[in-house]
Amino acid sequence: MTEDRTQKTESSPPSSEAAVMPPAAPGMTGPPDAASAASTAGSTASADAAPEKASSAKTSAATSPSPAKAAPPKKAPPPPNPWVEAAKAKAEELAQALASQLPNGWLEEVGAVHHQPMLRVRKQHFPAVFRAAHALPSWELDYLVCYTATDYKEHLEVVAYVESTKFGHMVCIKTRTEREAASVPSIVSVHPGANWEEREMFDLFGIEFTGHPDLRRIMMWDEYVGHPLRKDFVDPSLTEEVNRDGADS
Amino acid sequence: MALIPNGTDREPMRSEKGSAAAQNSAPAAQGHAPMPYGGPAVDDIRMEEMLLNVGPQHPSTHGVLRLLVRARGETIVEADPVIGYLHRGTEKLAENLQYTQIIPYTDRLDYLASMINNYALCHTVETAIDLEVPERAEHLRVLVMEMQRIASHLLFIGAYLLDLGAMSPFLYAFQERERIVQLFNRICGARLTYNYMRIGGVKYDAPEGWLDDVRDFVPWMKGKLEMYDRLITGNEIFLNRVRGIGVFDTKTALAYGISGVNLRSTGMRWDLRRNRPYSIYDRFEFDIPVGQHGDCFDRYYLHLLEMEQSLRIIEQVLAQMPDGPVLGKVPKIIRVPAGEYYCGVEGARGELGFYIVADGKDKPYRLKIRKPSFVNLQLLPELLRGQSLSNLIAILGAVDIVLGEVDA
Amino acid sequence: MPALWLWQHGPVTWPHVLVMILGAIVTLAVTLGVVTYTIYAERKVIGWMQGRIGPNRVGPFGLLQSFADIFKLLIKEDIVPEKADRSLFLLAPIIAFVPSFMTLAVIPFTMRHIFTADFGVGLLYYLALSAITIHGVMLGGWASNNKYALIGGMRSAAQMLSYEVPLGMSLVGVALMSGSLNLNHIVLAQSRTVWYVVPQIVGFCVFLVAATAELNRTPFDLPEAESELVAGYHVEYTGFRFAFFMLTEYVYVFAMGCLAATLFLGGWSGPFLPGWLWFAIKVFAFIFFQFWLRATMPRIRVDQLMSFSWKVLLPIAMLNLVGTAIVTTLW
């Protein structure tokens, strides 16, 4: 459907990306955020560290048989997207690096979320994965970017994007929990910044974060009943006369 | 009770021990002889922690933040931010809105930097549907975003100085900001909640003469920045109040997920415009100023320096501004293919990100906003512990939060 | 008839008593007028300094704005918080205000100080009375049973006590030079020689800083730091009781201006113009300086405030005092 903005990047004054890009690149595929997705490398901060991986991905993208114009994203079946493939490969790489430090059966799925590598882990090992990934040399996923949950009706999924400020990797780590008595071990011990996000999830999704130092509601008031961001949540004020103190519930 | 739902033990502004008169006539404790002059025995002088409610109606909490401060004398033992007074459930509302309809809701998150909020959402959706944005639109977006950054930083400096007791910089800042707001008013018809950007571009092209007026604005604003530097930066009283206060290091900042000026003040060169380049920022030359000490002064000064860099970007955008359409070829109803998408941009207060779970329909299945103010505010209790009450406002002000965003 | 005004030098007679009462009333009226327009001028001047217009709606150029404000405060409900210490709460504004007005009794407005007392220990009297106001402020803060008010009241007491010392010290130099504590004699001594701001420049600087702190004005406005303590000691006060605190504050600005003019700037003495006009000019210069500071300065921090008083101002004032003593003795 479209060209992407990385193309404009190439026409711009020399940047690290243009430098690694073959001249035949115009019209290449890849979504606008390809630069961040494939390498998540800062163009300045880690210009030397990341392009090894990025450039391989990009050359494959450039020579890929499907220019973006010919492949609207809705048409099926699309040829394998090179960015996604690169992300998957990266996820595999991380999974292997982590495997030695984690007990068997920690991993449930390796894949890609949009263009980011994704690992879905068993929830018992959720904090351990973050701790291992934080300490892993040449990964050092030390920065919790986005941490949230989604209600998929059958289960709840907790999603965290962690980034390495040193190497520029951005990885999505997920876990799942059942909806009834949902509980996930807290990662506050690894990323203190997860504190409020977990409180928010506890508040709005009803996920119990075991090991959280101070788990209480954050957005809604303490007496509130219900978890508004769940899909089956019905606003009580639509169905009954509600006492805002929550005394009647 | 709806206003303060957390129970009677937290009623603001009241001593929990009943009337002052009752305290005064407290019976002498048993076993201690009263002092010869009839006053209370020394052991009767109660030393207890004072529970001080700062906010939600307080001039310096910048909105409806409530800080539950336990203080011993004037030393803070613990400060617990209580938020949610402005919670509107934007994330839930968005689940029932088409992607384009969400844009006005983003205006109301960080209402001092609406343009950047607009952009963050549009950018995420464009990334998801792989949509090209026309050149001119992208330039206009960067232009208004950088102007917005200046407006927002100006307000920070003004409000911060007002917190510290200097009234004039606040009013000066509003005058400078007014000029930006007027320019925004001319381009999109609104002064605060712009709703200017669209998925695939922007709503309106710049009106006749608007770009020239922005061109005039840049040197004028540069002069004003010098004025602020002279007026504030060298003021001994100001320096004494902000130097060495609220210090944290890069390690702490990263652990807490701090972003934006708060992170850069620790010396970490981390700006998403560089580190995860988006839009057309890679075409412009600009520096990323960083602090050295991670204290409140650095955070103040970085705001000043960043405005300078934003002006540089604006100049370059104006020089390159191409002609052409301002809205790309966008389908009538935007359907995002199933999947999960996260994009973060450098907002005025840090990393502003939108995480969208799409199921192929015209509405998001789940929308999560990565709110920089919300994340940054978590560090506040750490910064306040053990500080004097008089530093509370200086530290809180420098963290630079907007409650519309914290509560979302 | 002029003899009637000079009641200090004769035995007290009924007409003299009448004149005393009349004098007090006139002084009160003048003071209230000055305070009203000080507030107006403050808003206007600071408005200009900040690129605003200032009050301009009530009356021509907003001249009646302060009267409108006073009227508003008068008709407001007088709220006493339920858990406040009622009697002290009601008493505090009066304790604060009365001494502020009484200090004006010793100020020589003109050479013949028509309405005021020619008092042998006028300087001591001023310092002693102005210290009483602290009690009103502290009681008001305590009686409100509000934590912000309490902190404000306590800060206020600490601050005013701390700065009372250097303020007093800076004035001793003047007393040494003139050899009198009578304010009118001090002015007369200055009109004969030179304004004491010249030989006592160090003392004047100390006085200026300490006076600003005494007046709780920027950059020393901690007791009522609105961004920290909401409004400090008078946070629970409404209506006329609040107006009393405001009034106290501005009467003290006026009184302190009068003291500065009297002790350092030669009081009513000056060439060409009549004495009262000279006096008014000097007082207004002081008041304007206060406005100017307010528009410029941020607020100093409370611990720095204390150390500044004891570690910087007081030693300077002491040195000045010793120096003055040596010089005057040798002369």
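Just so we're on the same page: letters track the sequence lines, and every chain starts at 1. Excluded from the calculations below are hydrogen atoms, water molecules and symmetry mates; all remaining heavy atoms, backbone and side chain alike, are included.
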Under 4.5 Å from any heavy atom of chain A - which part of [X]:
| X | result |
| --- | --- |
| Ile258(B) | backbone |
| Thr252(B) | neither |
| Glu351(B) | side chain |
| Glu95(B) | side chain |

Taking every heavy-atom pair that is under 4.5 Å apart, which of [options] has the most such pairs with chain A?
| options | value |
| --- | --- |
| Thr124(B), Val375(B), Leu377(B) | Leu377(B) |
| Val406(B), Val357(B), Leu86(B) | Val357(B) |
| Ala255(B), Pro81(B), Gly353(B), Gly84(B) | Ala255(B) |
| Glu382(B), Gln378(B), Lys368(B) | Gln378(B) |

Quick one: [atom1] on [X] to [atom2] on [Y], what's the gap to the nearest 0.5 Å?
| X | Y | atom1 | atom2 | value |
| --- | --- | --- | --- | --- |
| His87(B) | Leu204(A) | NE2 | CG | 5.0 Å |
| Phe374(B) | Met219(A) | CZ | CE | 4.5 Å |
| His114(A) | Tyr342(B) | NE2 | OH | 14.0 Å |
| Tyr143(A) | Leu263(B) | OH | CG | 5.5 Å |
| Asn275(B) | Glu163(A) | CG | CD | 7.5 Å |

No-hydrogen, no-angle side-chain donor-acceptor test under 3.5 Å, Thr148(A) and Arg366(B): yes
Flag the one option from [options] with the top tally of heavy-atom pairs under 4.5 Å to chain B.
| options | answer |
| --- | --- |
| Val145(A), Val190(A), Asp203(A) | Val145(A) |
| Ile218(A), Asp142(A), Leu144(A) | Ile218(A) |
| Val113(A), Thr150(A), Val159(A) | Thr150(A) |

Tyr147(A) backbone acceptor or donor facing Tyr355(B) side chain under 3.5 Å: no
Under 3.5 Å donor-acceptor, Lys231(A) side chain and Tyr365(B) backbone: yes
Pi-cation contact, Phe233(A) with Lys92(B) (under 6.0 Å, within 45°): no
Where does [X] contact chain B at under 4.5 Å (heavy atoms): side chain, backbone, both or neither?
| X | answer |
| --- | --- |
| Asp151(A) | backbone |
| Pro228(A) | backbone |
| Lys174(A) | side chain |
| Val188(A) | neither |

Over 12 non-hydrogen atoms of neighbours within 6.0 angstrom of OH in Tyr281(B): yes
Charged N-O contact under 4.0 Å between Lys371(B) and Glu197(A): no
From CA spacing to verdict: side-chain contact (heavy atoms from CB on, under 4.5 Å), Ile83(B), Trp196(A): CA-CA 11 Å; Ile83(B) 63 169; Trp196(A) 282 19; 4.0 Å; yes
Non-hydrogen side-chain atoms of Met170(A) and Arg276(B) separated by less than 4.5 Å: yes
